[in-house]
J.: 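Take a look at the following structure, please.
All values below come from the heavy atoms of this structure, side chains included, with hydrogens, waters and symmetry mates left out.
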Amino acid sequence: MENKILEEHVLESGGSNPAFFLKNSDLFYDTGFKVMRNQKDGSLLDCHRLRHNGKIKLVYFTGDLAPFDLMLEESAISGIRTLLHNLENALCTVENNDFLNVACIDNRLEKIFVDVNTYLVKLIYLPLNIPVNKIAGKTCKKKIKEQLLRKLQTVPAAHNPEMIHIMENLSEETFSTPDKGNTDRGDILVKPLKAEKYVLEEINGSICMSIAGEEFLIGKSADKVNGVIEGNPAISRIHCKMLFRQGTLLIQDMGSANGTFVNGRRLSAKECMEVKEGSRIKLANKEFVIRSIV
């Protein structure tokens, strides 16, 4: 196991779903378990706690999810960028939660899972009662980066200039840590290139937003977003976010009530999808198109 801390405290068992036995039942962290159960629709895999031969057994249900390393092999460069960004967000979600510990993540790529339809990343998190250690957390993320670098060197697009740029970023030894409370920031895995200029133009309407900067929030709360859509109760306070990563424009739903749609497909909460010139964006009942600024 790549994570030596987990190896000290758990035993892995076989089966179709990942499962682990705690070597000592006192290691179980009930609060952490409840928090992770509440996160099961987000970046953490659904987990069930069982008793087997007097030991606590934690079983994680992967369903139709695919291993992260396999998805890297089968994805185009744009898909790989999305995978890396979603992995970054998943790690940030754990890092910025006071009741979770990055060192408790199983950091093996084959034990990180992906929804093949949305590219959302799901982590195995073991609720262990161990101290939060920044060095251990950095070691966990460093191990992930090392595995990513080795894996990306074997994918079909390994010699593509864009892929070389991604791997150069992964080769750096340092990590930058996101601001506390902001689970969607921080270049843990990939540094963004300089943002290009785009506008989000309403179809048959008067709204036209210039999407500038590396991140651009859209919603109806003027004090919380960069692009305001006023007078529409169907739009959430913070509805979605536009991001630039590796020279690519992405859109991310921020848990909106009435949805963010890209070319007719609704994004799940926190899901990122690449968009470009001509992409049709629907925010609740408002329809837009992406235009580039020449």
Side-chain angles (χ1 to χ4, degrees), residues 41-43 63-66 68 71-72 74-90 113-122 157 160 162-163 166 184 190 192-193 195-220 225-229 232-294:
D41 293 327
S43 59
D64 296 327
L65 303 178
F68 194 93
M71 288 293 290
L72 288 177
E74 298 180 350
S75 297
I77 292 178
S78 60
I80 290 174
R81 285 196 300 261
T82 301
L83 285 169
L84 293 176
H85 175 72
N86 289 347
L87 175 56
E88 175 186 56
N89 274 351
F113 294 88
V114 180
D115 185 315
V116 297
N117 296 312
T118 65
Y119 275 35
L120 282 178
V121 171
K122 300 281 189 175
N160 183 288
E162 291 184 58
M163 187 61 68
I166 291 173
D184 301 308
V190 180
L193 298 179
E196 299 179 43
K197 295 283 188 176
Y198 289 88
V199 295
L200 188 64
E201 181 180 351
E202 186 181 5
I203 298 173
N204 300 322
S206 59
I207 299 174
C208 187
M209 302 178 189
S210 177
I211 310 299
E214 293 171 1
E215 297 189 357
F216 188 90
L217 288 166
I218 299 171
K220 67 182 179 184
V225 301
N226 309 105
V228 184
I229 300 176
N232 189 334
I235 299 294
S236 296
R237 289 191 294 272
I238 302 177
H239 197 100
C240 68
K241 178 164 62 175
M242 311 294 295
L243 312 96
F244 289 93
R245 292 291 185 270
Q246 296 294 318
T248 298
L249 180 63
L250 305 168
I251 188 168
Q252 180 180 33
D253 183 78
M254 300 299 289
S256 64
N258 295 304
T260 300
F261 302 78
V262 178
N263 296 325
R265 187 173 81 78
R266 181 169 183 166
L267 305 185
S268 56
K270 297 298 182 179
E271 177 186 357
C272 283
M273 179 176 285
E274 180 178 351
V275 293
K276 51 192 174 183
E277 167 78 21
S279 292
R280 294 293 185 105
I281 307 297
K282 185 179 178 184
L283 307 180
N285 55 9
K286 288 280 189 181
E287 295 192 31
F288 300 83
V289 64
I290 297 287
R291 304 289 189 202
S292 62
I293 300 175
V294 180

J.: Counting only heavy atoms from other residues, nucleotides and ligands, does the tally under 6.0 Å from CZ of R265 exceed 12?
T.: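 Yes, the 6.0 Å shell around CZ holds more than 12 heavy atoms from other groups.
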
J.: Quick check: closest heavy atoms across A284 and A234, and the distance to 0.1 Å?
T.: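 Here A284 and A234 meet closest at CB-O, 3.4 Å.
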
J.: When rounded to the nearest 0.5 angstrom, what distance separates CG in L200 from CD1 in I207?
T.: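 Here the interatomic distance stands at 8.5 Å.
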
J.: Not counting sequence neighbours, which residues clear side chain to side chain contact (heavy atoms under 4.5 Å, CB included) with F261? List them please.
T.: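 In terms of side chain to side chain contact (heavy atoms under 4.5 Å, CB included), with neighbours along the sequence ignored, F261 is linked to R266, K282.
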
J.: Applying side chain to side chain contact (heavy atoms under 4.5 Å, CB included), run through I281 and V262 and close with a yes or a no.
T.: CA-CA 5 Å; I281 307 297; V262 178; 4.0 Å; yes

J.: Would you name the heavy atoms of M209 and F216 that are closest together and state the gap between them?
T.: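 Shortest heavy-atom contact: SD-CE2, 4.1 Å.
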
J.: Check whether any side-chain heavy atom of L243 lies under 4.5 Å from a side-chain heavy atom of H85, and answer yes or no.
T.: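 Counting from C-beta outward, L243 and H85 do come under 4.5 Å.
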
J.: Kindly determine whether N89 and Q252 satisfy side chain to side chain contact (heavy atoms under 4.5 Å, CB included), including the steps that lead there.
T.: CA-CA 11 Å; N89 274 351; Q252 180 180 33; 3.2 Å; yes

J.: Does any non-hydrogen side-chain atom of E202 lie less than 4.5 Å from one of I229?
T.: no

J.: Looking only at heavy atoms, what is the nearest atom pair of S256 and S236, with distance?
T.: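 Minimum heavy-atom contact is CA-OG, 3.4 Å.
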
J.: Using 0.5 Å steps for rounding, measure from the CG atom of L83 to the SG atom of C272.
T.: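 Output value for this atom pair is 11.0 Å.
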
J.: Say whether, by atom type as modelled, one donor and one acceptor occur between the side chain of E287 and the main chain of I203 under 3.5 angstrom.
T.: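 No; zero donor-acceptor contacts below 3.5 Å.
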
J.: Look at the side chain of S75 and the backbone N and O of I80, then say whether any donor-acceptor pair between them is shorter than 3.5 Å.
T.: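 A pair under 3.5 Å: no.
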
J.: Locate the shortest heavy-atom distance separating L283 from C240; write the atom from each residue and the value.
T.: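 Looking at all heavy atoms of both residues, the shortest contact is CD2-SG, 3.7 Å.
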
J.: Is there side-chain contact between Y119 and M71, with heavy atoms separated by less than 4.5 Å?
T.: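 Yes, close enough: below the 4.5 Å cut-off.
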
J.: When rounded to the nearest 0.5 angstrom, what is the spacing between CD1 in I77 and CG in N160?
T.: 3.5 Å

J.: Contact between D253 and E271 at the side-chain level, heavy atoms closer than 4.5 Å - yes or no?
T.: no

J.: Considering only heavy atoms from C-beta outward, does the side chain of V225 approach that of H239 to under 4.5 Å?
T.: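 With C-beta onward as the side chain, the pair stays apart.
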
J.: Out of R280, M242, E201, which one pairs with I290 under the side chain to side chain contact (heavy atoms under 4.5 Å, CB included) rule?
T.: M242

J.: Specify the closest pair of heavy atoms between L87 and V121, including all atoms of both residues, with the distance to one decimal.
T.: N-CG2, 3.6 Å

J.: Can you list the residues that meet the side-chain hydrogen bond (donor to acceptor under 3.5 Å, both in side chains) rule with N232, with sequence neighbours excluded?
T.: N285

J.: Taking the side chain from S279 and the backbone from K276, do they hold a donor-acceptor pair closer than 3.5 Å?
T.: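 Answer holds: yes.
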
J.: If I take atom NZ from residue K286 and atom CD1 from residue I218, how far apart are they, to the nearest 0.5 angstrom?
T.: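 These two atoms lie 13.0 Å from each other.
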
J.: What's the shortest heavy-atom distance between M254 and K270, and which atoms?
T.: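 Here M254 and K270 meet closest at CE-NZ, 3.5 Å.
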
